[in-house]
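This report refers to the structure that appears directly beneath it.
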2 protein chains.
Amino acid sequence: MSPAARKPKDDGNMNAETCARRVLETVPMVMRAIRREMRGASEEQLSVPQFRVLAFLGHRRGASLSAVSEHLGVKDATASAMVDRLVKRGWIERETHPEERRRVVLSLTSTGASLMDKARRRARSFLAAHLDGTSPADLQILASAMDVLRRILSEETQS
Amino acid sequence: MSPAARKPKDDGNMNAETCARRVLETVPMVMRAIRREMRGASEEQLSVPQFRVLAFLGHRRGASLSAVSEHLGVKDATASAMVDRLVKRGWIERETHPEERRRVVLSLTSTGASLMDKARRRARSFLAAHLDGTSPADLQILASAMDVLRRILSEETQS
DNA sequence: CCATAACAGTTAGCTAAGCTAAATGTATAT
DNA sequence: ATATACATTTAGCTTAGCTAACTGTTATGG
């Protein structure tokens, strides 16, 4: 049912250029699909970056603003604005660090945490639903590809 | 050098949920990296959606606005605004269709075409550069994964 | 033949995400 | 004590996305 994944036309002579082109075609498509899903999700709608902020704070409680900006790969000012919107919505709590008063300590409110939980479930099950018809071999390929991409990009960060 | 790609910890028991989570983590990262590259590219900077519009018109000359919005997966109003900005920059020409006066006929200007060409080269070689150190096997995995993703999402469109 | 419906785009008004540059306030170091 | 570095915020801008409402054009049905 999914031989396309294992026999993509030019099997054997895959090169970086061709591969790059495909990534460039595909990633924006996937991104928009995820975004649509997030938005249309439930009453409380969440953008992809917002989702990422909440997810980050979910397992790094008390993180600083710069930690958020670094994790998201955006400028501090951008992260500050995003956090601000999330605070206004009551999903994030922003306090000043007790010892370092220039720092900020961010954490999820309970509302934020439960929203996050719902959103995570939705997002995953959205993709998972589509991936359900996918063969284990293709799932493995997908997961591996994600690893490759992350590795490549983290190398970039260092250089 | 790249065994991580073929042995992602939970080799063997990969499932749709886990895979979905990884996609959800990775795709936004890649998207931001591409965006950064596009922006910082040259004098004339291009956003990812702008790139996609120009690329689309590059091989579908005379396309209508709704063709663009459909291809991008956005609302007509959004596409209209995007095209407008590109027209103002002199990269797209917008004329009314000779027979169907409600339609619009879009095409690249020569400036737009050459810009597109430059941008495409940059974008590809940016990714290609990172992919250069990647083993052929991993390239194949990546390409296959992109195929899987596109297939999954096009199924969604039909439903 | 005219009224109405369907279609293609545009406009207006909003939110969010991203940037840069500059400002603020706090800590550190000379 | 002053200068410098650091963490965050503010201000001002562009782009992208949405919805809802509008304009103008073509097609249709009575």
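Just so it is clear, the values below take in all heavy atoms, side chains as well, and ignore hydrogens, waters and symmetry mates. Labels below follow one simple rule: chain letters A, B, ... track the order of the sequence lines, proteins then strands, and each chain is numbered from 1. Small disclaimer: the values here were computed from a predicted structure and weren't measured.
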* Could you tell me whether the side chain of Arg35(B) and the main chain of Met31(B) form a donor-acceptor pair under 3.5 Å? => no
* Contact class for Ser66(A) vs. all strands (heavy atom < 4.0 Å): base, sugar-phosphate, or nothing? -> sugar-phosphate
* Roughly how far, to the nearest 0.5 Å, is CD of Glu70(A) from CG of Asp76(A)? -> 9.5 Å
* Asked: Taking CG from Leu46(A) and C1' from dA17(C), how many angstroms apart are they, rounded to a whole number?
  -> 14 Å
* Would you kindly give the CG-to-P distance between Leu72(A) and dA17(C), to the nearest whole Å? => 10 Å
* Of the candidate nucleotides dA27(D), dT8(D), dT15(D), which contains the atom at the shortest distance from the side chain of Glu100(B)? -> dA27(D)
* **Spacing of His97(B) atom NE2 relative to dG24(D) atom C1', expressed in whole Å** => 16 Å
* For the pair made of NZ in Lys88(A) and P in dA17(C), what is the distance, rounded to whole Å? -> 13 Å
* With nearest nucleotides of DNA chain C determined for Arg89(A) and Arg101(A) from heavy-atom distances, which residue corresponds to the more 5′ nucleotide? -> Arg89(A)
* Any side-chain N or O of Arg85(A) less than 4.0 Å from the OP1 or OP2 oxygen of dA17(C)? -> yes
* Structure fact -> The nucleotide from dG9(C), dT11(C), dC7(C) with an atom nearest the side chain of Ala77(B) is dT11(C)
* Given DNA chain D, 5'-ward residue of the pair Pro98(B) and Gln50(B), judged by closest heavy atom -> Gln50(B)
* Quickly work out the Leu65(A) CG to dT24(C) P distance and round it to whole Å. => 19 Å
* Asked: Contact class for Arg94(A) vs. all strands (heavy atom < 4.0 Å): base, sugar-phosphate, or nothing?
  -> sugar-phosphate
* Nearest listed nucleotide, side chain of Ser80(A), among dG17(D), dT9(D), dA16(D) -> dT9(D)
* Using whole Å, report how far NZ of Lys75(A) lies from C1' of dA7(D). => 15 Å
* Quick one: Ile34(A) CD1 to dA16(D) P, roughly how many Å, whole number? -> 19 Å
* Asked: Any ion pair linking Asp147(B) and Arg151(B) (charged N to carboxylate O, less than 4.0 Å)?
  -> no
* Structure fact -> Gln45(B) CD to dG18(C) C1', in whole Å, measures 11 Å
* Give one of base, sugar-phosphate or nothing for Thr78(B), where a contact means two heavy atoms less than 4.0 Å apart. => base
* Asked: So, does Ser64(A) use its side chain to make a donor-acceptor pair with the main chain of Arg103(A) at under 3.5 Å?
  -> no
* How many angstroms lie between CZ in Arg94(A) and NZ in Lys88(A), if you round to the nearest 0.5 Å? -> 8.0 Å
* Could you work out which one of dT26(D), dT9(D), dG18(C) sits closest to the side chain of Val104(A)? => dT9(D)
* To do: Can you figure out which of dA16(D), dT9(D), dA8(C) approaches the side chain of Asp76(A) most closely?
  => dT9(D)
* Structure fact -> Which of dA8(C), dG25(C), dG17(D) is nearest the side chain of Arg102(A)? It is dG25(C)
